[in-house]
There are 2 protein chains.
Amino acid sequence: MKISTKGRYGTRALLDVALRQNEGLVQLKDIAESQQISLHYLERIVALLVKKGFLTSTRGPAGGVALGRHPADIKISEVISVLEGSMAPVSCVDDPSTCSRAGFCATCDLWGEVKESMEGVLEAVTLQDLVERQQKKLESQPRINTHE
Amino acid sequence: MKISTKGRYGTRALLDVALRQNEGLVQLKDIAESQQISLHYLERIVALLVKKGFLTSTRGPAGGVALGRHPADIKISEVISVLEGSMAPVSCVDDPSTCSRAGFCATCDLWGEVKESMEGVLEAVTLQDLVERQQKKLESQPRINTHE
DNA sequence: CTATTGTTGACCTATTTAATCAAGATTATC
DNA sequence: GATAATCTTGATTAAATAGGTCAACAATAG
């Protein structure tokens with residue numbers, strides 16, 4: 001039941017951009033450095049986030065990315081959905097036709113409950129919430145800061 | 001965020017055995033057939049469940065497996081834990097030393113909440129609960145029954 | 001003894017993950 | 001308009017994991 005690096009890195013990248021909103025465009029290079037992610041791989045992930053409108057990008061010198069929507073309007077469940085696909089632990093939860101026993105299988109129902117539960121958590125948290133949580137953490141531990 | 005076949009097949013195998021408790025020993029061959037799982041692969045999975053005491057096994061002719069504990073005493077969270085490992089979506093939730101930013105990372109906390117939420121669902125359901133749910137389903141659809 | 005059934009170690013293959021590389025497109029600045 | 005910085009994208013790849021197979025073995029009822 002692990003989440004992949006795509007979802008993890010992508011969430012962290014969005015949070016990184018959100019934390020630096022007031023600094024204008026953020027370069028992938030800087031995100032890669034502060035988040036300790038390979039730049040090339042980050043490009044892949046950011047491309048997905050740009051395509052879905054979470055980020056906007058500007059090419060050329062002094063270019064970079066910025067939030068495409070207000071952080072309070074970005075639910076983490078949406079981000080994970082884009083990067084990881086459905087949170088259904090088994091495919092028959094989303095599409096009963098993929099399993100011949102779907103209609104009368106007690107375990108399938110249970111996996112559905114697990115999915116609902118996870119989604120509930122991630123739908124209740126926005127990028128703005130993450131920003132605030134992170135800022136609170138940085139205040140209480142001022143020495144540790146990934147952005148310099 | 002998918003659960004692997006090990007967890008899925010294992011849960012279904014346990015449920016299968018639980019549903020046939022009154023029939024004495026259940027042979028892997030029969031479980032494999034009714035659950036449509038490769039016998040060889042099922043052996044692998046059952047071996048784990050036997051080692052952890054969820055099942056007991058008897059070799060030889062007319063041998064098979066039986067529940068090692070009362071179904072009401074088997075939480076599905078335990079089963080998944082044995083077959084899939086921790087439900088933590090990222091490893092730093094269980095072991096902060098695996099991530100240099102663990103102590104001051106808002107996303108890590110969020111993954112922790114996801115884990116708690118999933119565990120909450122699976123801790124609240126026992127094998128006995130699954131048996132009852134399944135029996136209720138079979139009653140309402142008497143024609144469809146994997147056990148003849 | 002023999003047939004049946006579970007056990008185990010070794011092995012294998014396909015898929016997914018997690019990148020990497022290189023060529024290309026865009027644009028600010030000089 | 002040349003240049004350099006920056007994002008974009010298709011091709012490729014190495015490593016890990018999932019999922020499964022095989023064969024030799026151990027136990028035991030009859």
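Not measured: the values here are computed from a predicted model. First the proteins, then the strands, lettered A, B, ... as listed; each starts at 1.
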Quick one: [X] [atom1] to [N] [atom2], roughly how many Å, whole number?
X	N	atom1	atom2	result
B/Leu83	D/dT17	CG	P	17 Å
A/Ile45	C/dT17	CD1	P	12 Å
B/Leu55	C/dT5	CG	P	17 Å
A/Leu25	C/dT26	CG	C1'	14 Å
B/Leu42	C/dT8	CG	P	15 Å
A/Gln27	C/dT26	CD	P	19 Å
A/Leu48	C/dA18	CG	C1'	14 Å
B/Lys2	C/dT17	NZ	P	10 Å

- Task: Tell me which of A/His40 and B/Leu39 sits closer to the 5' end of DNA chain C, going by the nucleotide each one is nearest to.
- Result: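 Here B/Leu39 is the residue nearer the 5' end.
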- With nearest nucleotides of DNA chain C determined for A/Glu43 and A/Ile3 from heavy-atom distances, which residue corresponds to the more 5′ nucleotide?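 First, find each residue's nearest nucleotide; the 5'-ward one identifies A/Ile3.
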Consider the side chain of [X], meaning its heavy atoms from C-beta on, and name the nucleotide among [options] that approaches it most closely.
X	options	value
A/Ser38	C/dA19, D/dT21, C/dT7	C/dA19
B/Val50	C/dT7, D/dT28, D/dT6	C/dT7
B/Ser4	C/dA3, D/dG19, C/dT5	D/dG19
B/Arg44	D/dG19, C/dT7, C/dT8	C/dT8
B/Lys29	D/dA4, D/dC7, C/dT5	C/dT5
B/Tyr41	C/dA3, C/dT7, D/dG20	D/dG20
B/Tyr9	D/dG20, D/dA29, C/dT20	D/dG20

- Minimum heavy-atom distance between A/Leu25 and A/Gly64, given as atom pair plus value: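 Looking at all heavy atoms of both residues, the shortest contact is CD1-N, 3.9 Å.
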- Task: Identify the heavy atoms of A/Leu19 and A/Gln135 that sit nearest to each other, and give their distance.
- Result: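 A/Leu19 and A/Gln135 have their closest heavy atoms at CD2-CG, 3.9 Å.
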- Query: In terms of the nearest nucleotide of DNA chain D, which residue is placed more toward the 5' end: B/Arg59 or B/Glu84?
  - Reply: B/Glu84
- Exceeds 12 heavy-atom contacts within 6.0 angstrom, atom NZ of B/Lys6: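 It does not: B/Lys6 NZ has 12 such atoms or fewer within range.
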- Query: Considering residues, nucleotides and ligands other than A/Lys52, do more than 12 of their heavy atoms fall under 6.0 Å from its NZ?
  - Reply: no
- Message: Is the shortest side-chain heavy-atom distance between A/Lys137 and A/Arg133 below 4.5 Å?
- Response: no
Taking OP1 and OP2 of [N], is either one under 4.0 Å from a side-chain nitrogen or oxygen of [X]?
X	N	value
A/Ser57	D/dC7	no
B/Thr58	D/dA27	no
A/Lys6	C/dT17	no

- Message: Quick check against the 3.5 Å criterion: does B/Ser81 have a side-chain atom that pairs as donor or acceptor with the backbone of B/Ser77?
- Response: no
- Query: Using a cut-off of 4.0 Å on non-hydrogen atoms, how would the nucleic acid contact of A/Gly63 be classed: base, sugar-phosphate, or nothing?
  - Reply: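 Here A/Gly63 touches the backbone only, sparing every base.
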- Indicate, with a heavy-atom threshold strictly under 4.0 Å, whether A/Ala47 touches base, sugar-phosphate, or nothing. nothing
